[in-house]
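Working notes, beginning with the structure itself.
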2 protein chains.
Amino acid sequence: MAARSKPVSAGAGPANSRGKPTLRTIADITGLAVTTVSRALANAPQISIETRNRVRQVALDIGYSPDRAAQRLKTGRTNVIAILLEPHEEILGYGTSVMAGIAKALQGTAYHLIVMPNFLNAANIDAINYIIRNSMADGLIFSRTEPLDPRVMLLSENGFPFVTHGRTELATAHPFVDYDNFTFAYEATRRLIAKGRRRLALISGPAGYTFAGHIQHGFMTAVREAGCAYEILSDIDLDCPAGAIRDRIRRRYAEKDPPDGFACGGEVCALATITGMTDCGLTLGLEYDIVAKQTSQLLSAIQPRVDTIYEDLTATGEHMGRILLRRIAGSTNINELQLLLNPELPFETQPASVAD
Amino acid sequence: MAARSKPVSAGAGPANSRGKPTLRTIADITGLAVTTVSRALANAPQISIETRNRVRQVALDIGYSPDRAAQRLKTGRTNVIAILLEPHEEILGYGTSVMAGIAKALQGTAYHLIVMPNFLNAANIDAINYIIRNSMADGLIFSRTEPLDPRVMLLSENGFPFVTHGRTELATAHPFVDYDNFTFAYEATRRLIAKGRRRLALISGPAGYTFAGHIQHGFMTAVREAGCAYEILSDIDLDCPAGAIRDRIRRRYAEKDPPDGFACGGEVCALATITGMTDCGLTLGLEYDIVAKQTSQLLSAIQPRVDTIYEDLTATGEHMGRILLRRIAGSTNINELQLLLNPELPFETQPASVAD
DNA sequence: CGATCTATTTAAAACGTTTTCATCATACGA
DNA sequence: TCGTATGATGAAAACGTTTTAAATAGATCG
């Protein structure tokens, strides 16, 4: 309890100017040097086991926790993970779900999650340059990759750890988590066909994103196999406001040979489709069917039920977090840095390589 | 360009071990002392205007940006704003919208937004203790206040800057942004009455939260004024899954004197209500009406249209961000730290005190 | 018994800022 | 001509860590 053989201020209280206990405080109490305390807390093997225990105990007693700023300054590590938040994600909690998942993966680690918003149409690449140049974080997560995504290229060149939500077609492999949108769309379309629908329409993601291509590919594969009529609804995509989609559906229905089956990449989109068709006097399950991607509980209460295939965004976030931590820790084993989530598999049953 | 009268490494490149330009780099280039450079960049009046300009130019040329860790260590300021993310916010993008707003307010400042997730049912108060004790941030934002919110009390006692989304009934005034839920509910109920509905039901927030009380108060005031039959639907609230609300609506309809007008505090809730009533063979606008709070574009595409009153969550976030910055800057003028948003007023037309 | 090891501990430097306290001209009033 | 403002700059300490390089004391050994 009392300090000895050292020039020390009397008590065991926080001798600090800011009132927070530091390594120095512990050093004074134990009579050890700051260096030793630091090493002891880091569990360095060169420090005797008794000293380590004693230091740990004192640290616990006085409620010591290391100053992140000082650690960061000294080591260059920030203990921060950044996520690039896109404006499109405002609706239906994409961002919130993914963040909750990431946070879950970060739980118990020294890492914290910081949000780098990317609205105001700033070019994505600027935000990333900013993060790299100012070493704002030890790792980065972002979504909506393009096949030749310049962000991925920039980060790869700089050796900056990152994980994308979505794949690219770049030659150099990089960490990602993706949902198998091909299988989603293929399966959705097959279900429509199984329900007897023969004039199928797809509402996919905005052109240019990898996932939109995958959805289209899955859709096309299924319709070609079955040999039915199909179309990809032009002028609209998943990012459009619900009203725009509803109007587009109504317009389409006024033309000839309207679709009787819709594959929808999102929930709001499905809802808008139902609304548009209802306006035209048609009933879901009777004159037409929908299979949609589900990412929340929104559609589960809608009557008549919309047939859905689930994508678990929180699990996606958790995977991305885990993978990023692994990457930061130095892993270059691409097998444990890439993960393609199957529409059927819930989080718990993913491959072992991921369940750390 | 060339350094002079100083022992200096030859070129103007980043003489740094980590390769990043520092104050030292600029000092070497200009031949000034680090102190002077620091002051010049801080625009200190004691430094001559020419020197200030010269330093600024060099800083720009070599792409200098201050090391946040060092600043933080020295000043004790973190330049970080934290938001406590609640699990309930996963659905319908509450969190994402508010964060986008906060980020907008932080735009151009030195502040960054970090997310402190609070799921896993950890007591709220622990998260806040953690933030205070480890000085994780300079300010905190959180939502869903209770009338005697212990978090508010803790933060106030510690003099830690914060802004709540929602009011409390505590004696000591604190910064907040709130939506006038009384007026919302009052107005919603009045609209139902104006539509000729006379047996009104309310679906409000979970008991215990301040805003739920305000909603009920508004509802009660309106129904009492009009003298019509009313009820607050028991066993469910806005946080319930849509399916639970739908079922509750169906059960209620099976009993006698079912409501013909619903005031709904949220969009999912409104959707679930429609679904439940449709199941019972009733049509919105014909046998019953709904007035709901709207926070996204979700309902705008639904047919028949649901009558809504808007709450702009992104604007709320932006206000909270601005107010928190003001509070951190030292303001104690409670008039510019509290804001009650009127359901009618869009962001642009708020009182001058807020438009920084 | 002096020399080399080994096991533990320590002093001091460094990370990049900000801040306190000088220093040094130059100009000014007396 | 001297003291004293004044205006501009600098040296050095400090923030709380981690890390490099030493020091100390036993223990082992030839």
Side-chain angles (χ1 to χ4, degrees), chain A residues 3-8 14-28 30-55 59 62 64-79 110 133-136, chain B residues 3-8 14-28 30-55 59 62-79 110 133-135:
Chain A
R4 85 195 52 147
S5 74
K6 277 265 160 172
V8 153
N16 190 345
S17 64
R18 279 176 200 157
K20 229 189 98 186
T22 77
L23 286 184
R24 187 66 221 254
T25 318
I26 302 182
D28 286 354
T30 57
L32 293 164
V34 171
T35 310
T36 312
V37 175
S38 173
R39 289 231 180 78
L41 289 175
N43 224 347
Q46 35 189 350
I47 303 295
S48 76
I49 209 75
E50 307 92 57
T51 305
R52 273 187 261 174
N53 288 335
R54 189 158 54 104
V55 168
I62 67 176
Y64 168 81
S65 71
D67 184 299
R68 297 172 68 94
Q71 284 183 314
R72 178 167 165 179
L73 173 60
K74 184 61 194 170
T75 63
R77 266 171 272 122
T78 64
N79 283 344
R133 294 244 356 269
N134 295 43
S135 46
M136 286 300 308
Chain B
R4 84 195 51 149
S5 76
K6 278 269 160 171
V8 153
N16 191 345
S17 65
R18 281 176 199 155
K20 229 190 98 183
T22 77
L23 286 183
R24 187 66 221 256
T25 317
I26 302 181
D28 287 353
T30 56
L32 294 163
V34 171
T35 309
T36 311
V37 175
S38 172
R39 287 229 184 79
L41 290 175
N43 225 345
Q46 36 190 349
I47 303 295
S48 76
I49 210 71
E50 306 93 54
T51 305
R52 273 187 262 174
N53 287 335
R54 188 158 54 103
V55 168
I62 66 176
Y64 167 81
S65 71
D67 184 298
R68 298 173 67 92
Q71 285 182 313
R72 179 168 164 178
L73 174 59
K74 183 61 195 172
T75 64
R77 267 171 272 120
T78 64
N79 282 345
R133 294 248 353 271
N134 294 46
S135 47

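Per chain, numbering begins at 1; letters A, B, ... match sequence-line order. All figures in this text were calculated on a predicted structure; none of them were measured in a lab.
For the residue pair Ser65(A) and Asn134(B), the shortest heavy atom distance occurs at OG-ND2, 3.3 Å. Across every non-hydrogen atom of Ala33(B) and Ala27(B), the tightest pair is C-CB, 4.0 Å. Residues Val34(A) and Arg24(A) approach most closely at CG2-CD, 3.9 Å, considering heavy atoms.
Rounded to 10 degrees, the angle separating the terminal helix axes of the helix from dC1(C)-dG30(D) to dA30(C)-dT1(D), each built from five base pairs, is 70°.
Applying the 4.0 Å criterion to OP1 and OP2 of dT9(C), one finds that Thr51(A) has a side-chain N or O inside that range. For Gln71(B) and dG16(C), the shortest distance from a side-chain N or O to OP1 or OP2 is not below 4.0 Å.
Between Lys74(B) atom NZ and dG16(D) atom C1' the separation is 11 Å, expressed in whole Å. Taking atom CZ on Arg72(A) and atom C1' on dA14(C), their separation rounds to 18 Å, with Å as the unit. Residue Arg52(B) contributes atom CZ, which lies 10 Å from atom P of dT9(D) at whole-angstrom precision. Between Leu23(B) atom CG and dA13(D) atom P the separation is 19 Å, expressed in whole Å. What separates CG of Asn134(B) from P of dT17(D) is a distance of 11 Å, to the nearest Å. Rounded to whole Å, the distance from CZ on Arg68(B) to C1' on dT17(D) is 19 Å. Separating the CD atom of Glu50(A) from the C1' atom of dT9(C) is a distance of 13 Å, rounded to the nearest angstrom. The separation between Leu73(A) atom CG and dT19(D) atom C1' is 13 Å, rounded to whole Å.
Among pairs with a residue in residues 31-47 of chain B, those fulfilling side chain to side chain donor-acceptor pair (under 3.5 Å) read Asn43(B)-Arg52(B), at least two apart in sequence or across chains.
Tested against Tyr64(A) for a side chain to side chain contact (heavy atoms under 4.5 Å, CB included), the candidates Val55(A), Leu41(A), Thr25(A) yield a single pass: Leu41(A).
Here the side chain of Ser48(A) is nearest to one of dT9(C), dT17(D), dT18(C), namely dT9(C). Across dG10(D), dT9(C), dT18(D), the shortest atom-to-atom separation from the side chain of Leu32(B) is found for dG10(D).
Of the possible donor and acceptor atoms, one in the side chain of Asp67(A) sits under 3.5 Å from a partner among the backbone N and O of Ala69(A). At distances below 3.5 Å, not a single donor-acceptor pair connects side-chain atoms of Arg72(B) with backbone N or O atoms of Arg68(A). Checking side-chain atoms of Arg133(A) against main-chain N and O of Gly63(B) turns up a donor-acceptor pair under 3.5 Å.
A residue-by-residue look at Ala70(B) and Thr36(B) shows that Thr36(B) has its nearest nucleotide of DNA chain D further toward the 5' end.
Here the straight-line distance linking atom CD1 of Ile47(A) with atom CD1 of Ile49(A) works out to 10.5 Å at 0.5 Å rounding.
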Indicate for each nucleotide in nucleotides 20-27 of chain D, in 5' to 3' sequence, whether protein heavy atoms under 4.0 Å reach the base (B), only the sugar-phosphate (S), or nothing (-).
BB------
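Counting any heavy atom pair closer than 4.0 Å across all strands shown, Ser38(B) reaches a base atom.
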